[in-house]
Every structure is written in C-alpha cells, then in structure tokens.
J.: 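Sharing a structure with you now.
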Amino acid sequence: MDLNPSFEQRQLVEAFSTLYRGESTTERVRAAEATGFDPGLWEALAGAGGVEMALPLRAGGSGASLLDLALVAEVHGRHLGSAPLVEAQVSARLLERLGGAAPVVADVAAGRQILTVALAPPGSGTARGVPAAMVADAVLVLDDRCVALVGLADARTPVHNLAALPLADVRLDADPLATFGGEEARRSFATALDEWMALTASALVGLGRRALELAVDYATTRQAFGAPIGSFQAVAHRLADAATALDGATLLSREAAWASEGDPARASDLAAMAFAFAAEAAQVAGEWSLHVHGGYGFMLEYDVQLYFRRAKGWAAVYSDPGRVYAGLGARALARRA
Amino acid sequence: MDLNPSFEQRQLVEAFSTLYRGESTTERVRAAEATGFDPGLWEALAGAGGVEMALPLRAGGSGASLLDLALVAEVHGRHLGSAPLVEAQVSARLLERLGGAAPVVADVAAGRQILTVALAPPGSGTARGVPAAMVADAVLVLDDRCVALVGLADARTPVHNLAALPLADVRLDADPLATFGGEEARRSFATALDEWMALTASALVGLGRRALELAVDYATTRQAFGAPIGSFQAVAHRLADAATALDGATLLSREAAWASEGDPARASDLAAMAFAFAAEAAQVAGEWSLHVHGGYGFMLEYDVQLYFRRAKGWAAVYSDPGRVYAGLGARALARRA
Amino acid sequence: MEFGLGGGHDALVDDVRRFLGEHLTPELLARVRRGGTYHDWDFHRALVAKGWMAPGWPVELGGQGRPPLEVLAIAEELQRAGAPMLGLGTTMLVASVLRHLGTAAQKEAVVRPALAGEILIALGFSEPESGSDVAAAQTRAVRDGDEWVVNGQKMFTTNAHEADYAFLLARTDPTLPKHRGLTTFLVPLRQEGVEIRPITTLSGERTNITFYADARVPDALRIGEVNGGWEVMTVGLTYERTSAAGGDSIRLLEAMEDWAVGGTPHGRSADHDERVHEAFGRAATENEVSVLLSRRSAWLDSIGELPGVEGSMAKLFSSEAITRQSAQFIDLLGPEGIRTEEDRGAPARGEVEWAYRFAQGTTIYGGTSEIQRTIIAQRGLGLPRG
Amino acid sequence: MEFGLGGGHDALVDDVRRFLGEHLTPELLARVRRGGTYHDWDFHRALVAKGWMAPGWPVELGGQGRPPLEVLAIAEELQRAGAPMLGLGTTMLVASVLRHLGTAAQKEAVVRPALAGEILIALGFSEPESGSDVAAAQTRAVRDGDEWVVNGQKMFTTNAHEADYAFLLARTDPTLPKHRGLTTFLVPLRQEGVEIRPITTLSGERTNITFYADARVPDALRIGEVNGGWEVMTVGLTYERTSAAGGDSIRLLEAMEDWAVGGTPHGRSADHDERVHEAFGRAATENEVSVLLSRRSAWLDSIGELPGVEGSMAKLFSSEAITRQSAQFIDLLGPEGIRTEEDRGAPARGEVEWAYRFAQGTTIYGGTSEIQRTIIAQRGLGLPRG
C-alpha cells in the first residue's frame, strides 16, 4: 500500500489543475450553464490529450491507467468542468476495445469527434437522459442484441435538468453507424459502465471536497453572536462528518480505479461502492455547505449552489445510491448462496 | 380542537401516575427483568380497574375511550410497567366484541385471567413472539379461518429478548377454548391490532419522554470542559430534535386514539402512523439519552439502559417502522389508483 | 381532549378550495414561478375582497374575527395549493406588530390600507454582515428634525420591488450595547435614496438587496421607542417563526402520488416497490406531524398562550422534513428525477426537482434550524446557555 | 499509488486464521461472552507465543519488526473474529507509552514481562466526575519519600481484576492550572489500598470502578515528569483513539448474510427484498470505507507520520457505522430481531441483538464521537475553537 501519488501522477494532476484553473473558472461554468458545454474548455482538454491519454498505446494513446484518469476526474469535479471528459474517455476506451474503426478511434482520441455512452438500456426505441448527448457526435448503446454506435445529430431532444448537464433523450430509429455483437461486446460494455462509475465517483469527490472548502472558508470568516460560525459545534461537527465521508470516498474511489488493474475480481463491486458512497458524500457536502452559507447559499450569485446542484445531478444521471447499494447486496448474497 | 385533557382525564392520569410511582419504581422494574412481569404491579392495576375500564358499560366496564387508555398507556410507558396492561385491555375489548362468554369476560375484566393477542398470523402451527404470552392464560389468534382463543399453559416456550418482555412462542396444536368465525370477527381482530398499535405508540411516547428527561437532567448537571455538557450544541441540538419528535409523537398517538371514535375513517392509518413514528422517536430518545450519559449510560446500574432497551423492543414485537410505513404507502396508493 | 376541527372547518376548507379554483389559475401559478415574484396584486386583492387577508383580526379592525384554527385552516389550504403569499405574509407580520405597538396615526396610515390590499410591506432585518444574529445590524439611522436619515444595506428584502415600505431595523445609537441601540422604522421604498437590486435565488424566487443612501423616513413612521427596536423585533420575530412548510410537503407528496398512479411512463415502477411505499408512508406520517405541530401552535394562540417553543418545533420539523423528503423523492425517481419543470418529460411536472431546491431555503429563512434548536433546547428543555 | 497489500499479506491473513481456528474455540468465545471479561490468559499467551502481542515492535524489544500494515492485518483478523483482546490492547498502549517515555528500569520491570505475556496493565483515566474531559482528574497523589500515596476513584478500569498495574492519571499539584498539575503512574493493583468493584455493562462486558485509599506507588513507577502527566497522556490518548470498529461491523454483516442465505426459517425472506439488499450493500460499502480509513492510518504510521486526524476519522466513522447498521439490521429481522443469543430461535445466533447493545459503547470509549468531530474540525479543517 502506498497512498501517495507517483511523481508522474503528481505531474499529471498539476498539469490538469493548471488547465482547469484557467479554463474552468466559476465564471466560465456559469457562462456555460445554458448548454452545459464550454467549447474552450473542451478544446483545451483535447489539446492536452485528455481523451487520447485514456487509450492504450496500441491505439495511439498514452495508456493511462484508470487510476490516472481518476486523479484527473477529481480535478474535473473540483472545477465543475463543463465538458464530457469522463464520457469521452470511457466511450473512447469502449470503442477501441470493441474494435471500432481506427480512423474513428483516432478522431475520438484527438477530440475531433465526441462519443458518449448510454448508461441505461433503451426502452421504446429511445435512450433517455443520455449524458453528454447534446454535445456528442455519437453514442454507444447496449440493447438486447448488441452494442450499437448511433449518430446523434438528428436524434436528440434536450433534457432540462438540475445540474445543467447536456443530457438528451435519443431516438434510436436511424441505422447505427456500427454494431458490435457477441458476449465479449457485452462484457466490454459492462466494463465501460464500471469505468464510468469509478471516474464519476472521483469527479464527485473533487466536487464535494471543493464544496466543503467553500463551507470551511465561509465558516471561518463569517461572524455571528461574536464568534466565527465555524466555532459553533452545530456547524463544526457537521463539517467534520462531511470531511470524514469525503476522505472515505476519496480512498474508495481511488481504490476502485486502482482495482481495474490491481484487483480485477473486485473492480466491479468497488466501482459501484465508490459511485454510491461518493454520490452521498458529495450530496451531503453540497447541502451542508449551502446551509452553512445561510441566506447567501440560496443566492444564485454565490458559487456554492453550483456545487449543490451538480452533487445531486451528476450522480442521478445514472442512479440513486440506494438502487446501487441494492444491486451490490443482491450480488453479495448470490455469491454466498 | 382542544389539546387539554378533560378534568376526568387529568384525574385518571393522576391516579395511575400515583399507582405506577409506587408500584413500578425502577428498582421494581429491575427486579422483574427475569420474568418481565411484576405480580404486585399487576394486582394493583387490576385492583384499580385497569382492564375493566377498557370494557364498555354493557360488559360491566367503565367505558373508557381509547384516548383515555392512551393517556394511561403514556403513564405505563413512562414507568416501564412490567405488566401486560395494553395487551390485556386490547384483548379484553376484542373478546367482548367477539361475543366471548360473559363469565370469561368478567374474569378478564377483574384481572383474574390475563388474555393477550398474537400480533402476527401463525405459521407452521406456531405463533411466534407473542407478547405477554409467558404470563397470560390465553391468547387470541387470527388464522386463515377464524379468531381462536387458545390456552397457553402447556403451549409456550419463552423468548429471551432485548426488552425483557414476557414473550413466548406458542404452539397451536391443542383445541382452542373458543372460536369466532365470519367477516365481522376478522374486522374486530383488525380493530384490536389498530388499538394495540395506538396504545403501544402512547406507551413508547411515555417511555421516550422519560428517557429524554433523564438526558436533560444529566446534561444539566454533568460538567465537562468547565461547563454543563447540555450547554454544548452537540448535545443540546440533538436533544432539541428528540424533544420535537416526541412532541410530534405525543400529538399523533393521541390523535390516533381519539380517531377511533372521532374519525373512524382515518383511525387505522393514524394508528399505524403513530406506532411507526413513536417507535422511531422513542428509539432516538433512548439512543441519544444513553449516549449523552457517556460511559455511565453503558453501565447496567444506570437507569437509562432500561429505557434504551425497551424503546427498541416494545415496538419490534410487532414490526420495524419501515414495514409499517411501507404498508401505509401501499394503502394510500391503492386508494388513489 | 378533541382533535376534530368541527363541521364549520370542512365548510371553510371547501370555500377556500372553491376560491382557489377560481383565482389560482394555472396561468397565474406559471407566471409566479417564471417571474419569481411570489406576490400577485390581482390574487392579493381577491383575497382581501374575501376577507382572508386578516381573517383572525377583529371585525372592527378589518378582519373577520375568526378563531386561530380557522385562520390556520385558510393558511393551510393556500400554502398547500402553492398560492403566492409572500407579500401578504410580510405585510401582515408588520401589521400585527403595528396593531400592538403602532400609534393611532400609523394604524390609520399603514394598517388600514395594508388590510385593504392597497399597500405592501417588506422586511428589512438581515444585512450583508448579519443574518441569524439580527441584532448585529449596522444600518444607521440619524435624526434630522422630524425625519431620520438612513444609510446602509439590507439583504433579502423580498418583494421590495412591489412594496411601499420596508420594516427596517437600524442602529440609532452605536455607543449603546448591541441590543440597546436599535430602532425600527417603516421606510418608504419609493424615494430617491433607496435602490433596489434584484437577487435571484436557487428556487427561482426573486428577492432583493436594498441600499439606503440618505434615505429619509419621517419620525411618524418610527415604530416603538427610540433605541427600543429590539423589543419591537422580539414581537416581529415571533410572528415570523410561525412559518412552517407542512403545506408545501403535502403538495409535494400529492405530486409524487400522482406520478405513482399515473402509469410512470419513463420512471421506475411504483407498483410493488417497497422502497417507494416506505418513502410515501413516511412522508405522509411526517406531514401529519407537521400539521399537528402547527395546529398546536394555533390552538395555543386561541387559548391565549404564546406558542414560542411550539412554533419553533413546527418550523424546525416541517422544514427539515421537506428537505429530507425532496431529496429522497428525487432518488426514487432515479435519473428522471432531475428533470426540471421546463422539461416536458419531467415526472410529477418537475415539482420534485423544484422542491429539492426550494426546501433548502426553508431551513434558513424565518430563523435557521440551528436557531430553532437552540430555542427549543434552552427555552423548551431548560438546558443551560453556552 | 498502490492499494494492494502484497502476497505476504494474504499469507499472513491465512496464518492468523489458522491460529484462530486452533485457539479461538467456540467454547472460549462463549466463556468470554458469558463472563464478560474480554481477556483470556490462555489465548493471550498463545498470541504472545506466536509473536503477535507486539508484532510491530523491533525484534530486539520483543517484537517481530513487522511494518504497520502487517500489524493492522493481524489486528483486523483478530477483531473480525471477535477475539478477546481488551487486556492486550490496554497493556500494549501502556507499553507503547513506556517505550517512548519510560526509564530503562521501567522497560525492564514492566515492558519486558508485559510483552512476555506475564503481566497485564489496565487504564485509569476516567473518574466519576470526568470522562471526555480527562484532564479534570481529581484523584490525588502525594509524595511520601520514595513513594506516592494515591487517593481517589477511577471509572471503567477494564480488566483491573486481571491486571497487575493501572496506568493512572493523578493530580499532584492542585494549585497549578488544570493541565499542569497532573502526573501519571503505574499503580500496583494487588495491594491493600486498592479496591476493585465490578461494573456490568449493557453489552455484558465487565469493567470496574477502582478505589484508591492510601494506595502506594513507588516513585520508580512514575511515568514522565512530576506534573508532566498531560504530555504523557497526549501520547497515550493518540494510541487509544486508533481503536476502530470496522472488524466488528464486518463480523456483523457476515452473520446477517449467513442468516439471509440460510433459509430464514422464521424471519422475513431476504430473497427479492430490495430493502434487505440495500442495507447489505450499504453496510458492505461502509465496511470497506472503515477498512480503508484504518489502513490509511497504519500507512501514515509506516511512513513516519502521526495519524491524528486520520485516526479520529477511522474511529468516528466505524463506530457510527456499526451503531446505524446494528439498529437497521434489527429492523430488517422484524420481531425476530430482538431475540438474544440465549434464545435458541434467535436469527444470526443473536449477534445482531448483541451488536446493537455493543455498538453504543463504541461511540463513547476511546474518545466520544463528539471529541473526534471536534478534533477533525479544528485540527483537520482548521476551523476556529469555540
């Protein structure tokens, strides 16, 4: 066990932190709320190899581990990135694993095309609430028969949502751009979902930690009844609980990402655990930070509401934590039975 | 609306408070833990008309309302009465409503015989965890066909339990003492369950309020870091939440009892609501009061553990609150559909 | 002991519902939600015409002389329907203060037109540097002959842009101890020295910052004694704290139940799902408790007792309940739960998503949950002060 | 970054499990539970023989020189199995303090036999009037030549009836400020001036009140400077706070899973019940977090950093988790859940009912949850002191 990031990982985090500090200020996040997408941030991410890094060397990528991507996702979450980095990385890896056409993979790696992935099976010919679908070019969907790559241009309807995410309902009536059948394609798709959960857990951790920092800063300076409000137990003890949960979520989400190579047998369970636990920790941090800000927290002008809304919304795109826990519990019992 | 008890109700509460203060001290409660039954308390209760009062005038009772009984049940809970008053009252009313033999009803009313009621339908010829079954003479059971009055003498096995209640598993292989068939018997049995829930809610409220008082007393006198611990928000705000929940549970359990005559259409829902909410409020009060006592709370010698154990156990005899809430939700949806 | 509200209560509720059917049109609700101003002059005047601006006030003062429980019944129905009542609420809070502490001239000049639906009054307590600790107000008022000159800022002056006056807490003697140098005024808002800048909130409600730069207020519009403002505030804050969120919770559960029985085209199936059923049963129970806690306050009021701790309990419990419930309902709806009301596919018409944002404010305004818990602990349980 | 513990870890865990299979017999577990003394000399000496009394200590001091993560691995397995370790825990805490602050003679006279499994040491911090506020201790120690005379009482001196010494915090100068007039001693317990009175606890554990009436302790058994006891305690309390409840939680979930797959003759069916599945998945996740938080502390220790805040987080999280989980598991079991282990029909062998009682203590001893939250808020987050 070594919980310190490697030298390369520290460099990676520092490089992306610099990028996000410049290209994802809260002013930029606000400016992008109408579409949920900041083209300037996306260009910068693509230019920095944000998608390419996720691909293996054989596909012209830089072969980053899922743990490397998780550390970047923490930075993404911390800065509320208005760009589908996680979706693009996960679907690029999936397409490559499925054996997608090399030119398409190359376009995706370079950020010239954006892919995304439908997290839930489609019903009645529609994939609902697909993340990033308003800004992506195509989506990977798993239906009863196969994994299909479906073009998005004329197939999407925007979904107005709490978190200002570029979600869309996607009609699947046009012919797919490509299909991938067989058991292995299904397994690859399941792996992609695990990767999405692990990376989203990391993004939620970054988001939650920043929300907590906002609360701590505010509670340290704001005075009431002759003392900083952070000196009152009613405030301080809540924040201590949030900090503890976020530390736990940090460890768990990093462990989940590490496990994809380090402990494959547990990777899927750990991804689900990390997703559900980080979702709850981020939600609590968002709600308590908002609350600690008093009336200011309720003003759109203050930043904390940006975190509050995304803490709930980024996770809800896939599932509430309760259902994920239920799935974990059922799997554990099935293994024992 | 008038939330003040009537003059008669105040007299009733005062009379039973005096009785319990004498006959159900915590020393007596401790002394009765091995059996869960204090014969002296039972004699006193029977002598004071504790069961008789629950019967209508036509059956030689004093025709107390369910609300009158609820106020007495609050006193019972407050003093952790080691006697099956609620079970005896509910089953006496049920037997009378079923048209049970007058001499039996008279014996029951006078406390010469103790009846109880099986809260769950029996399975495999056994009614499990029947309250008061170790000290009662007979139990009323609802099975697929009818309501049966079953003698207990040779049919019971004691159930060791958290709350030191005189529970037993009851074998139903002997011939019943009496049976009561038909739809009306079923409905009467359902009413008895509602009454048991409403009265148990009141008992839990009394128990919870006393647990809270113990915590407030302790937190007011116990010093740490140069101040009474009740002046710290970490303690005070928890107790404020418990007090609020208990005030809510008090109003709700009294409303539920009142509704049996005052608003029969809602009586069954309100009884379930009161039971589940009072169970949670009492559990929280028990746990937090125990916690506020620090290491002392963990000593058997201190009284607060008596409340802590019964808060959970008295409710669990029937059900956890979650299942009761689920039943309420399902009923509400069925009505709307 | 009696929990029934009597046949008159049912008739009154029916009457309120008929009124709402006529006046609270879907167009009005949509306009209010879109604009964020939870005051509408047409609806307000319709309420006044019905006598429901101040139903509990004596007839001779412009009310209907209704007992507190009838007043509550009207308020419960209006809140449950989501009627725009913020302007009425603040105006009546101030009218109640003036009824007790105002001069005859103030009653004539302010209370009468307020009850006639002619003017609106906003609250100016909070400041950029003071919220829960309201007595720390720094806005200055300095005497100048028959007038006072006001300088400072007030936060969250909701409806200032519709209102005629702000009920303003100002420091009139900075040399006195914190609670002793304060005075309250009714500051006319339509004057040059007042600037009103809108604030948009998380739930879309519009509120305002108001800036006072040499704003003038005649001494005749001072309430209470000079430097006696804290006594006035004590009365005012007691009225403010009675605001409970039980009605909003009931409306939220109804929206969820509509969703559950409506076929749930895209959400999770609510049939046979114990998690949904449990959440619904729990919410219904909590809502019953909220209603009972509020009714207890009204009943205490009706027998001449001041519901201090009891009002705090009603406010604390109902606001924390809607905060829990709205978060849990979003979870039950799954990915569909975060669709906003602008989305045509939103379950429960987007009410749940909106409620999750709205609920966060209920634990803040009218006294935070922390303030209520301290009141309950110290005044209710008698725990020692920290 | 690396979360793997290496192949040596798996082999070590296997070794511990083999050891437990041999020495932690069902009879021993039953005897410990029945008697309430969570110390057993045979088991203790078997651990010593295996080198697992102080596996992290240097070989020359009687340890095995294992890195902190291996030490934790051994402790995790022992806790998860429910091995009686309270006597070992307090003894090693004191040995650790003495290793840093003891004299050469104390190391020879106390640490050596302690590590050899020959003597046991209990803790004497809490008093009737001081618990969390441990520096408020009133027990007096007065110098008398080469000895000190001790008078006072100590609460919760667990295993005093088995132990040779109590690690005692006493006031040696009442004229100095609270934290400055304290001194720590190793008081021999087998002497006339010491009375040990048993305390039975909610979970059946036996602890003790110890009374000191002119009890004598040689100055050679003073630890640290005279009036320097608080510095000693600071070291001691840091070791105490590392106690986490993750292993107990894991054992509890395993018992519930056994119940769920075992046919559930009388309880509710666990098949297809989303509420049960959700609780199991949540508990498994919380247990993973508890393990990770504890491992982080051990890892920090291994790289030479003091896990202060991190230890508090591990302790806080794991103890609150088992408290929530045990209450919820009782609920899931329904009416069957309150049957105790004496009941032959108890589900999960009564482990759940017992855990509900046991868990309440975990949020108290070794520093209450409130103390941990204050440490995390002030030292971890840098929030201002109250």
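A note on names: the letters A, B, ... follow the listed sequences, proteins ahead of strands, and every chain is numbered from 1.
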J.: Which of the residues A/Gln9, A/Gln233, A/Arg254 is involved in the greatest number of heavy-atom pairs with chain D at under 4.5 angstrom?
T.: A/Arg254

J.: Give, for atom CH2 of D/Trp299 and atom CG of A/Asn4, the distance between the pair rounded to the nearest 0.5 Å.
T.: 3.5 Å

J.: Hey, could you give me the CD/CG distance between D/Glu257 and A/Leu333, rounded to the nearest 0.5 Å?
T.: 6.0 Å

J.: Does any non-hydrogen side-chain atom of D/Leu383 lie less than 4.5 Å from one of A/Ser231?
T.: no

J.: How far does CD of D/Glu288 sit from CG of A/Leu328, to the nearest 0.5 angstrom?
T.: 10.5 Å

J.: For the residue pair A/Val324 and D/Thr285, establish whether any side-chain heavy-atom pair is separated by less than 4.5 Å.
T.: no

J.: Heavy-atom distances under 4.5 Å only: say whether D/Leu253 touches chain A with side chain, backbone, both or neither.
T.: neither

J.: Just so I understand: if I count every heavy-atom pair under 4.5 Å between each of D/Ser290, D/Gly380, D/Gly4 and chain A, which residue has the most?
T.: D/Gly4

J.: Tell me, out of A/Arg331, A/Glu280, A/Arg238, who's got the most heavy-atom pairs with chain D below 4.5 Å.
T.: A/Glu280

J.: Report yes if some heavy atom in the side chain of D/Phe3 is under 4.5 Å from a heavy atom in the side chain of A/Asp263; otherwise report no.
T.: no

J.: I'd like to verify something: which residue of A/Ala337, A/Gly322, A/Pro228 has the highest number of heavy-atom pairs under 4.5 Å with chain D?
T.: A/Gly322

J.: Would you mind checking which part of D/Arg282 comes under 4.5 Å of any heavy atom in chain A, side chain (CB onward), backbone (N, CA, C, O), both or neither?
T.: both

J.: Under 4.5 Å from any heavy atom of chain D, what part of A/Arg266 do you find: side chain, backbone, both or neither?
T.: side chain

J.: Can you tell me how the ring of D/Phe317 sits relative to the ring of A/Phe277, calling it parallel under 30°, perpendicular over 60° and tilted otherwise?
T.: perpendicular

J.: Between CZ of D/Phe280 and CZ of A/Arg336, what distance do you get to the nearest 0.5 Å?
T.: 9.0 Å

J.: Taking all non-hydrogen atoms of both residues, which atom of D/Ala377 and which atom of A/Ala240 are closest, and how far apart?
T.: N-CB, 4.1 Å

J.: Is it the backbone or the side chain of D/Arg296 that comes under 4.5 Å from a heavy atom of chain A, or both, or neither?
T.: both

J.: With a 4.5 angstrom heavy-atom cut-off, is it the side chain or the backbone of A/Ala330 that approaches chain D, or both, or neither?
T.: both

J.: Could you check which of A/Leu252, A/Leu239, A/Asp247 has the highest count of heavy-atom pairs closer than 4.5 Å to chain D?
T.: A/Asp247

J.: What part of A/Ile229 gets closer than 4.5 Å to chain D, counting heavy atoms only: side chain, backbone, both or neither?
T.: neither

J.: Please report the interatomic distance OG(A/Ser6) to CE(D/Met1), rounded to the nearest 0.5 Å.
T.: 8.0 Å

J.: Is the closest basic N to carboxylate O distance between A/Arg323 and D/Glu278 below 4.0 Å?
T.: no

J.: Identify the heavy atoms of D/Leu381 and A/Ala243 that sit nearest to each other, and give their distance.
T.: CD2-CB, 3.9 Å

J.: Below 4.5 Å from any heavy atom of chain A, which atoms of D/Leu293 appear? Answer side chain, backbone, both or neither.
T.: both

J.: When rounded to the nearest 0.5 angstrom, what distance separates CD in A/Glu255 from CD in D/Glu2?
T.: 10.5 Å

J.: Could you check which of D/Ile303, D/Val289, D/Leu316 has the highest count of heavy-atom pairs closer than 4.5 Å to chain A?
T.: D/Val289

J.: Side chain, backbone, both or neither: which part of D/Leu69 has an atom under 4.5 Å from a heavy atom of chain A?
T.: side chain

J.: Heavy-atom distances under 4.5 Å only: say whether D/Glu320 touches chain A with side chain, backbone, both or neither.
T.: neither

J.: If you compare all heavy atoms of D/Glu274 against all heavy atoms of A/Ala326, which two are closest, and at what distance to 0.1 Å?
T.: O-CB, 4.1 Å

